Visitor: 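First the structure, which I've put down as structure tokens, then a few questions once you've had a look.
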Protein chains: 2
Amino acid sequence: MLKITRKVEYALIALRHMQSNPLDKLTSAKEIATLYGIPQQLLAKTLQQMARDGIIEAVQGPAGGYRILAKLDRISLKDFFEKLEGPLGMMDCYFDSDCIQIGACNIRIPIQRINDNMRNMFAQMTLQEVTQ
Amino acid sequence: MLKITRKVEYALIALRHMQSNPLDKLTSAKEIATLYGIPQQLLAKTLQQMARDGIIEAVQGPAGGYRILAKLDRISLKDFFEKLEGPLGMMDCYFDSDCIQIGACNIRIPIQRINDNMRNMFAQMTLQEVTQ
DNA sequence: GATATATACGACATTTTTAATCGTATATAT
DNA sequence: ATATATACGATTAAAAATGTCGTATATATC
């Protein structure tokens, strides 16, 4: 439990790799995939999603690839996680209110407190800190 | 991602329920299961595990059940989570060193930093805070 | 001492989520 | 034209989480 997904892991690896190169250099999904032993198509999808989210920029065609677009020190880990995986909550009831128990549940409030702590923690860390 | 398991959720519900009663009162798995709409056998296993861990005490036989044994304000959420679910890490590589990438991985150190932050956060919260 | 009710727990089955692959379309440098 | 790259919906495979079954043991009560 409390694990991050491969998608997020692959995204971080890719960002860190691009970060270590001149920022205008284009890097292909294939290059990163072979270098770090990641399934290429899966990585490609993740990169495409990050491109849609404006984190990186995509250039098509041969000699195409991706490069970092956003200021990584302006994106919190919370925002990054939520861009890739949706709302961040330790329990589904944090967002979905259609829990069967509804009135019966006795830990909703305390759980939300923990949740807020966690979200707050990730809100205070930037992507830059992880990828630099 | 970053979700807690039902097992932990059920454990917290049970502890909070017992906490709201006189501390010497025995509560059966059945009672909690019906009250909160939880699968009884699954809850029972979780309670048994907590009993093995010394968090609660089990009394067998009819009119038996469970009651809180440990000082909940002395158990951190980190320890509680780890008792129930094992080592706490956002990525498996935090503990298992048998990652395929091994040398290639470029985010090991940064991930460990995030991980330490998270573990630290849960180490500073007590079970008492959640169940009182 | 028979019975009913509770915990104890390994093994199995089901469900859900995550991870990976497939197939096809589009863009573009050479 | 061709080769190589991104784009992306659909499907499959694998893994993890969740739930159930069956059986054993303890013990209060009649």
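Residue numbers start from 1 in every chain, and the chains themselves are labelled A, B, ... in the order their sequence lines are given, proteins ahead of strands. In this text the structure is predicted, and so the values were computed from the model without any measurement.
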Visitor: Rounded to the nearest angstrom, tell me the gap between atom CG in B/Asp92 and atom P in C/dT18.
Guide: 14 Å

Visitor: Which base, if any, makes a Watson-Crick or G-U wobble pair with D/dT23, both distances under 3.5 Å?
Guide: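 Paired with D/dT23, as far as the under-3.5 Å criterion goes, is C/dA8.
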
Visitor: Are side-chain heavy atoms of B/Leu84 and B/Met50 found at a separation under 4.5 Å?
Guide: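 In contact.
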
Visitor: More 5' along DNA chain D: A/Lys3 or A/Ala51, using each one's nearest nucleotide?
Guide: A/Ala51

Visitor: In plain terms, say whether A/Glu82 and A/Arg119 are close enough for a salt bridge, that is, a side-chain N and a carboxylate O under 4.0 Å apart.
Guide: yes

Visitor: From CE of B/Met91 over to C1' of C/dA19, roughly how many Å is that when rounded to an integer?
Guide: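 Taking CE of B/Met91 and C1' of C/dA19, I get 15 Å after rounding.
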
Visitor: Please give the nucleotide sitting opposite D/dA13 as a Watson-Crick or G-U wobble pair, both distances under 3.5 Å, or none.
Guide: C/dT18

Visitor: For the pair made of CZ in B/Arg6 and C1' in C/dT17, what is the distance, rounded to whole Å?
Guide: 13 Å

Visitor: Between atom NZ in A/Lys7 and atom C1' in C/dT17, what is the gap in whole Å?
Guide: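 In whole Å, C/dT17 C1' and A/Lys7 NZ are 12 Å from each other.
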
Visitor: Check every nucleotide of DNA chain D for an atom under 4.0 Å from a heavy-atom of chain A, then give the first and the last such nucleotide from 5' to 3'.
Guide: D/dA3 to D/dA17

Visitor: Could you note down all residue pairs passing salt bridge (Lys or Arg N to Asp or Glu O under 4.0 Å) where residues 57-76 of chain A supplies at least one of them, sequence neighbours left out?
Guide: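 Qualifying pairs, neighbours excluded: A/Glu57-A/Arg67.
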
Visitor: Table please: side-chain donor-acceptor pairs of residues 25-34 of chain A below 3.5 Å, with sequence neighbours left out.
Guide:
from	atom 1	to	atom 2	distance (Å)
A/Ser28	OG	A/Glu31	N	3.1
A/Thr34	OG1	A/Lys30	O	2.9
A/Thr34	OG1	A/Glu31	O	3.1

Visitor: Which heavy atom of B/Met18 sits nearest a heavy atom of B/Tyr66, and at what distance?
Guide: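 Smallest interatomic distance, heavy atoms only, reads SD-O, 3.6 Å.
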
Visitor: Treating A/Gln132 as the side-chain partner and A/Gln19 as the backbone partner, does any N or O pair qualify as donor plus acceptor under 3.5 Å?
Guide: no

Visitor: Which residue lies toward the 5' end of DNA chain C, A/Gln41 or A/Ile4, if each is placed at its nearest nucleotide?
Guide: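 Result of the comparison: A/Ile4.
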
Visitor: Any strand is fair game: report the nucleotide pairing with C/dT30 by Watson-Crick or G-U wobble, both distances under 3.5 Å, or none.
Guide: D/dA1

Visitor: Not counting sequence neighbours, which residues clear salt bridge (Lys or Arg N to Asp or Glu O under 4.0 Å) with A/Lys7? List them please.
Guide: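 A/Lys7 satisfies salt bridge (Lys or Arg N to Asp or Glu O under 4.0 Å) with no other residue.
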
Visitor: Does any part of the side chain of A/Leu127, heavy atoms only, come nearer than 4.5 Å to the side chain of A/Leu12, both counted from C-beta?
Guide: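 The answer is yes, as the side chains (C-beta and beyond) meet within the 4.5 Å cut-off.
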
Visitor: Tell me if a side-chain donor or acceptor on B/Lys3 pairs with a main-chain N or O of A/Gly89 at a distance below 3.5 Å.
Guide: yes

Visitor: Which protein N or O atoms sit under 3.5 Å from an N or O of nucleotides 13-15 of chain C?
Guide:
none

Visitor: Grab the CG-P distance between B/Leu42 and C/dC9 for me, whole Å please.
Guide: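 Between P of C/dC9 and CG of B/Leu42: 15 Å.
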
Visitor: Is the side chain of B/Arg16 donor-acceptor paired with the backbone N or O of A/Pro110 at a distance under 3.5 Å, no angle test?
Guide: no

Visitor: In this structure, would B/Leu69 and B/Phe80 fall into the same cluster of hydrophobic residues linked by side-chain contacts under 4.5 Å?
Guide: no

Visitor: Among residues 56-64 of chain A, which contact DNA chain D at a heavy-atom distance under 4.0 Å?
Guide: A/Ala58, A/Val59, A/Gln60, A/Gly61, A/Pro62

